[in-house]
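Computation of the quantities below employed the complete heavy-atom set of this structure, encompassing side-chain atoms and omitting hydrogens, waters and symmetry-equivalent molecules. Every chain is numbered from 1 and lettered A, B, ... according to where its sequence line falls, protein lines coming before strand lines.
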Number of protein chains: 2
Amino acid sequence: MSTTLRPAGETRAGDVLARMRSDIISCALKPGTKLRFETLKEMYEVSFSTLREALSRLVAEGLVVAEGQRGFLVAPVSLFDLNDLTDVRVLIERQCIKLAIERGDDRWEADIMANFHRMDRLQSRLGASYYLSDDWAALHSAFHLSLVVACGSPNLLEFRQKLFERAHRYRRMSSQFRPQWRAKDVEHKMIMDRVIARDTATAQDLIERHIRETTENVIAHASHLFAQGGSGESFKRTDPVAAE
Amino acid sequence: MSTTLRPAGETRAGDVLARMRSDIISCALKPGTKLRFETLKEMYEVSFSTLREALSRLVAEGLVVAEGQRGFLVAPVSLFDLNDLTDVRVLIERQCIKLAIERGDDRWEADIMANFHRMDRLQSRLGASYYLSDDWAALHSAFHLSLVVACGSPNLLEFRQKLFERAHRYRRMSSQFRPQWRAKDVEHKMIMDRVIARDTATAQDLIERHIRETTENVIAHASHLFAQGGSGESFKRTDPVAAE
DNA sequence: TTACTGCGGATTTTCGAAATAATCAAACCT
DNA sequence: AGGTTTGATTATTTCGAAAATCCGCAGTAA
């Protein structure tokens with residue numbers, strides 16, 4: 001009926017938010033880019049206020065940074081940031097797994113298997129280039145979430161999700177250059193097995209390796225894209241803390 | 001010159017944000033309250049857009065929750081939330097302390113002592129009711145930050161700060177009913193000593209006890225304010241995960 | 001009585017223009 | 001010539017009204 005048909009219950013700002021997030025993660029909006037309102041208004045066909053709303057939320061997710069009253073920037077990528085992200089993810093994810101194994105019930109186990117199956121099936125259907133599919137990425141995200149959702153800690157899950165999305169951008173950067181990703185599917189199956197077997201220590205170690213190896217892969221194949229050091233062109237001092 | 005004289009470099013939205021945060025933490029805006037724009041517009045003397053900006057950011061900080069297109073709510077408090085908050089804080093804080101002790105230099109040690117001194121001096125000056133002072137709370141926050149700032153992890157520090165502020169609201173709730181807080185000042189000194197002595201294990205344990213005892217204190221004196229369980233009046237199911 | 005439907009008031013969300021602040025460059029003084 | 005101030009231009013932030021949405025209630029039918 002109206003010009004825009006929204007999925008019902010979703011705001012326009014929420015829609016723009018999702019599209020911008022996707023564009024940032026896929027690097028259609030390059031790291032470090034200045035986000036000008038006029039440009040974005042054309043791109044997403046919304047007004048100032050709606051953009052501002054979406055931008056605010058992306059700042060919270062760490063995908064956009066605000067520069068005082070000098071506008072917004074796509075969050076830069078750097079080796080330092082990637083390494084920090086990885087270390088914190090390992091800490092959080094290990095704790096999530098531990099608690100989930102302690103607290104998870106049968107329904108949780110079933111849910112993990114269901115999510116793995118969906119991801120696995122789509123992977124087969126897509127063939128060699130599954131890692132470029134946004135649909136697969138969504139199922140991959142859902143699978144990893146299902147592993148830890150039983151930890152029962154909203155705060156832990158909130159932070160975990162934020163970190164997962166920030167890391168997703170780095171994964172995308174590397175998959176762009178690396179036609180065949182490593183045999184992640186085998187790792188996924190092993191992790192699932194150990195989690196369901198309630199083998200906490202092994203499950204934690206497998207997850208940690210899963211995360212760290214992905215990071216190493218990114219560094220090996222995509223670190224040349226980072227704005228850091230090197231030519232010193234678009235170098236920005238990285239405030240250690242912006243504690244207000 | 002103009003009606004409002006801003007501290008230069010600060011936006012109006014930032015100002016409203018700070019005032020609302022303060023009002024939520026001090027419970028001038030009670031947990032679970034619906035935040036109506038008309039009311040807030042009068043209260044803070046700003047327009048819709050500016051409010052929306054501030055609200056968005058408070059959602060990110062976890063002090064406000066957004067309900068689809070049905071507006072905003074002051075984040076409810078509950079025993080469950082407090083316990084989860086406490087557990088996650090312990091995890092993060094222990095890691096921060098560990099890394100800070102590994103990586104901190106002389107300047108960091110000096111900074112800790114300076115911050116302790118300022119907090120300690122104000123405490124003496126204010127006498128028995130220091131725990132009700134917003135100024136003291138700011139110095140207390142700065143002292144705890146200084147202990148861990150040398151960990152060098154922006155992500156860890158970001159999460160730590162968010163958790164600290166969410167917890168601050170609970171602390172305020174209890175201090176309202178508990179005229180004399182426990183001898184926190186002695187604990188602070190012990191923690192500082194062990195951190196500067198680079199005694200990682202003991203420092204971690206002291207911090208953990210510091211956090212957990214405060215939580216127990218809150219539960220003992222203020223849990224009757226929580227909306228949870230009991231009378232079952234304003235009970236809300238706590239979605240384990242709102243993963244989108 | 002109970003469930004469904006359509007109206008009216010209240011509230012939130014979106015819009016685009018107006019006000020405010022920052023940037024850049026040319027002209028000015030030292 | 002080097003550095004600083006001024007003024008024009010661009011970009012962001014704020015505003016209040018208009019559009020869209022939600023909620024409660026009355027009226028109707030089963």
Quiz item: Is the shortest side-chain N/O distance from B:Gln69 to OP1 or OP2 of D:dC22 below 4.0 Å?
Solution: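 For D:dC22, OP1/OP2 do have a side-chain N/O of B:Gln69 under 4.0 Å.
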
Self-check item: Phosphate OP1/OP2 of D:dT13 contacted by A:Arg70 side-chain N/O (<4.0 Å)
Solution: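 Result: no.
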
Quiz prompt | Listed partners of B:Glu158 passing side chain to side chain contact (heavy atoms under 4.5 Å, CB included), at least two apart | solution = A:Arg166, B:Asn155, B:Lys162

Quiz item: Are a donor atom and an acceptor atom from the side chains of A:Ser56 and B:Ser56 found within less than 3.5 Å of each other?
Solution: no

Quiz item: With sequence neighbours excluded, what pairs up with A:Arg160 under the salt bridge (Lys or Arg N to Asp or Glu O under 4.0 Å) test?
Solution: A:Glu93

Quiz prompt | All salt bridge (Lys or Arg N to Asp or Glu O under 4.0 Å) counterparts of B:Arg19, not counting sequence neighbours | solution = B:Asp15

Quiz item: Can you name the residues that form a ring-ring contact (aromatic ring centres under 6.0 Å, His included) with B:Phe116, not counting sequence neighbours?
Solution: B:Phe143

Practice problem: For B:Glu109, check side-chain hydrogen bond (donor to acceptor under 3.5 Å, both in side chains) against everything at least two apart and list the hits. | Solution: B:Arg198

Exercise. Rounded to 10°, tell me the angle between the two end axes of the helix from C:dT1-D:dA30 to C:dT30-D:dA1, each built from five pairs.
Key: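 That helix gives 20° between its end axes.
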
Starting at [atom1] of [X] and ending at [atom2] of [N], how long is that distance when rounded to a whole Å?
| X | N | atom1 | atom2 | answer |
| --- | --- | --- | --- | --- |
| B:Leu17 | D:dT13 | CG | C1' | 15 Å |
| A:Arg52 | D:dT14 | CZ | C1' | 8 Å |
| A:Glu67 | D:dT12 | CD | C1' | 13 Å |
| B:Glu53 | D:dT13 | CD | P | 7 Å |
| A:Asp15 | D:dA20 | CG | P | 16 Å |
| A:Leu51 | D:dA11 | CG | P | 15 Å |

Scan the side chains in residues 28-35 of chain A for donor-acceptor partners under 3.5 Å anywhere in the protein, sequence neighbours excluded, and list what turns up.
| residue | atom | partner | partner atom | Å |
| --- | --- | --- | --- | --- |
| A:Thr33 | OG1 | A:Lys30 | O | 2.5 |
| A:Lys34 | NZ | A:Arg70 | O | 3.3 |

Quiz prompt | Interface residues of residues 35-49 of chain B with DNA chain D (non-hydrogen, below 4.0 angstrom) | solution =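 Heavy-atom contacts with DNA chain D come from B:Val46, B:Ser47, B:Phe48, B:Ser49.
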
Quiz item: Where the side chain of A:Lys34 is defined as all heavy atoms beyond and including C-beta, which of D:dA11, C:dT13, D:dT14 is the nearest nucleotide?
Solution: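 So the side chain of A:Lys34 is nearest to D:dA11.
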
Quiz prompt | Side chain B:Ser129, main chain B:Leu132, donor-acceptor under 3.5 Å | solution = no

Would you be so kind as to tabulate the donor-acceptor pairs closer than 3.5 Å made by side chains of residues 39-55 of chain B, with sequence neighbours excluded?
| residue | atom | partner | partner atom | Å |
| --- | --- | --- | --- | --- |
| B:Tyr44 | OH | B:Asp23 | OD2 | 2.6 |
| B:Arg52 | NH1 | A:Glu53 | OE1 | 2.6 |
| B:Arg52 | NH1 | A:Glu53 | OE2 | 3.3 |
| B:Glu53 | OE1 | A:Arg52 | NH1 | 2.6 |
| B:Glu53 | OE2 | A:Arg52 | NH1 | 3.3 |
| B:Glu53 | OE2 | B:Arg57 | NE | 3.2 |
| B:Glu53 | OE2 | B:Arg57 | NH2 | 2.6 |

